[in-house]
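The structure appears right after this line, and notes come after that.
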Protein chains: 2
Amino acid sequence: MAEKQQRTLVDQVFKKIFDLLVRGEIPLGGVVNEAALAERFQVSRGPVREAVKQLQGRALVVKEPYLKARVVDLSVEDMIEIFQLREAVEGMSVRLATQTMSDSDLDRLLADFSDALENKDGPVLDVHVRIAEASGNSRIRSLLCDELYYLLRLYRARSGDAPGRRQNAFSEHWQILRAMKARDADLAESLMRAHIARATSALHDLLESRDEDGADQSEKRNAG
Amino acid sequence: MAEKQQRTLVDQVFKKIFDLLVRGEIPLGGVVNEAALAERFQVSRGPVREAVKQLQGRALVVKEPYLKARVVDLSVEDMIEIFQLREAVEGMSVRLATQTMSDSDLDRLLADFSDALENKDGPVLDVHVRIAEASGNSRIRSLLCDELYYLLRLYRARSGDAPGRRQNAFSEHWQILRAMKARDADLAESLMRAHIARATSALHDLLESRDEDGADQSEKRNAG
DNA sequence: TTCAACAAAAGTGTTGACACTTTTTCGCCG
DNA sequence: CGGCGAAAAAGTGTCAACACTTTTGTTGAA
């Protein structure tokens, strides 16, 4: 365990716990036990404690004093809230990127996108990440890449996004990139917002279809 | 010190440190010494350490492993980034509030605003807070109220906002509220974005005027 | 049988000591 | 006299033990 001591233990533990969440070993709503994780990673409780606190800071874990820490249980309502925020922030993100990206960077982004179109392995999210990084606004980039996308990955790890939207996403991304290439910031922002709003609508539909079905949405899992 | 033990020590220390920042006892860019703060508050280093980590999570403190923790030194560039983010998020905030607020809540907001107009004590920010709370989106509310407004207060504690903008702000706020009353979400969002973009422009101007002056912007204060 | 009070267990909060890293200081050599 | 390197100082990272809180399990009486 004392091999890749390049960073601090807290950071290592943070990533290990996060992997546990993404891989579903600790289910959403499950309990995060400091002592158990400390034993598992062969470290003391201190680093685990701080890592959990950091996860709490990123809203991946909820906790009250002296109460067990729990993995956030992302409801559809939560995702709708996140997507509303994304619509606003990513709209600004692509607006700024359109205004400030250099021609060469823009061309490279387009080329990389075309490559990804052929061998469809790269995740859809990557385009959004690239745009966020190109926005030149570190706070927007951090909010999207370090916070919201983590939550998205967590949610998708359980629910799995609708596979039908995959093709539409490519087309919508392509339109956004063309608007960026044309240096039309207004259009790029509108397209991005419409792109995300469409996903929000899908979540709203999912919510309604659930309300019509049985009201057994109160299923919470525990893991002691 | 062990009187109001209602919360956990970490939370108490967090607030105490934050007060120190707002009151300027630890200047922007100043060093945050764990041991010194622990002695000052008569607690161990552990809670101080976690509180600092929490401040770091909210971007009020920057820190690298084994390096001194420093209070974030908010440059004009940082504020521009924050205002760009605010423009996007508060635009969505007022859009959602316009769509979801009840008539009675909206009337009360208008009434409170009129009251505040007469006895001009309430801070300008309060309107933004009320709208964020009324948006119904807890994540947007938290981002604005728990993170960005903290940074604003920190920045204004040193720089002081331009007093000339105060009157304009009242007028702009009034327009926004009227659009909300008319249930025109598009207009409300546009007005809010323009309102914040105007402040962003002022920051851009400030930046340019500084570049024209001497380049003595490298003054950093320490406090060991 | 059921409910309440009490006791034991589990888990979190806090502490002080020790290990590691970075910075500063001081002496040495060029 | 100036720069380089080692030792000391300062400060952060980690750990194991102890204190406190919450939860669970049990016992006793109504």
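Distance N33(A) CG to dT23(D) P: 15 Å, rounded to the nearest Å. The distance between atom NZ of K53(A) and atom C1' of dT12(C), rounded to the nearest whole Å, is 10 Å. The separation between Q12(B) atom CD and dG13(C) atom P is 13 Å, rounded to whole Å. Nucleotide dT21(D) holds its C1' atom 14 Å from the CD atom of E34(A), rounded to whole Å. Following rounding to the nearest Å, E50(B) (CD) and dT12(C) (P) show an atom-to-atom distance of 12 Å. Residue L9(A) contributes atom CG, which lies 11 Å from atom P of dT21(C) at whole-angstrom precision. Taking atom CG of L37(A) as the reference point, atom C1' of dT12(C) lies 14 Å away to the nearest angstrom. A straight line from NZ of K68(A) to P of dG11(C) spans 6 Å, rounded to a whole angstrom.
Side-chain N/O atoms of R49(A) and base N/O atoms of dG11(C) include no donor-acceptor pair closer than 3.5 Å.
Side-chain contact, D105(A) with S102(A): a donor N or O sits under 3.5 Å from an acceptor N or O.
Looking at heavy-atom distances under 4.0 Å, V32(A) makes contact with sugar-phosphate atoms alone, never a base. Nucleic acid contact class of K63(A) (heavy atoms, under 4.0 Å, all strands): sugar-phosphate only. Residue G46(B) is in base contact, counting any heavy-atom pair closer than 4.0 Å across all strands shown.
Contact check, T8(B) against dT14(C): a side-chain N or O comes under 4.0 Å of OP1 or OP2.
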I'd like a table of donor-acceptor pairs (distance under 3.5 Å, sequence neighbours excluded) in which one partner is a side-chain atom from residues 25-33 of chain A, with atom names and distances.
{"from": "E25(A)", "atom 1": "OE1", "to": "R40(A)", "atom 2": "NH2", "distance (Å)": "3.1"}
{"from": "N33(A)", "atom 1": "OD1", "to": "A35(A)", "atom 2": "N", "distance (Å)": "2.9"}
{"from": "N33(A)", "atom 1": "OD1", "to": "A36(A)", "atom 2": "N", "distance (Å)": "3.3"}

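Checking side-chain atoms of T98(A) against main-chain N and O of V94(A) turns up a donor-acceptor pair under 3.5 Å.
Side-chain atoms of Y66(A) lie closest to dG13(C) of the nucleotides dG13(C), dT12(D), dT14(C). Side chain of V43(B), nearest nucleotide from dT22(C), dG13(D), dT15(C): dT15(C). When each of dG13(D), dA17(D), dT15(C) is scored by its nearest atom to the side-chain atoms of R45(A), the top-ranked nucleotide is dA17(D).
Using a 4.0 Å cut-off between charged nitrogen and carboxylate oxygen, E147(A) and R139(A) do not count as a salt-bridge pair.
In this structure R141(B) satisfies the side chain to side chain donor-acceptor pair (under 3.5 Å) test with no other residue, sequence neighbours excluded.
Mapping E64(B) and L67(A) onto DNA chain D by nearest heavy atom places E64(B) at the nucleotide closer to the 5' end.
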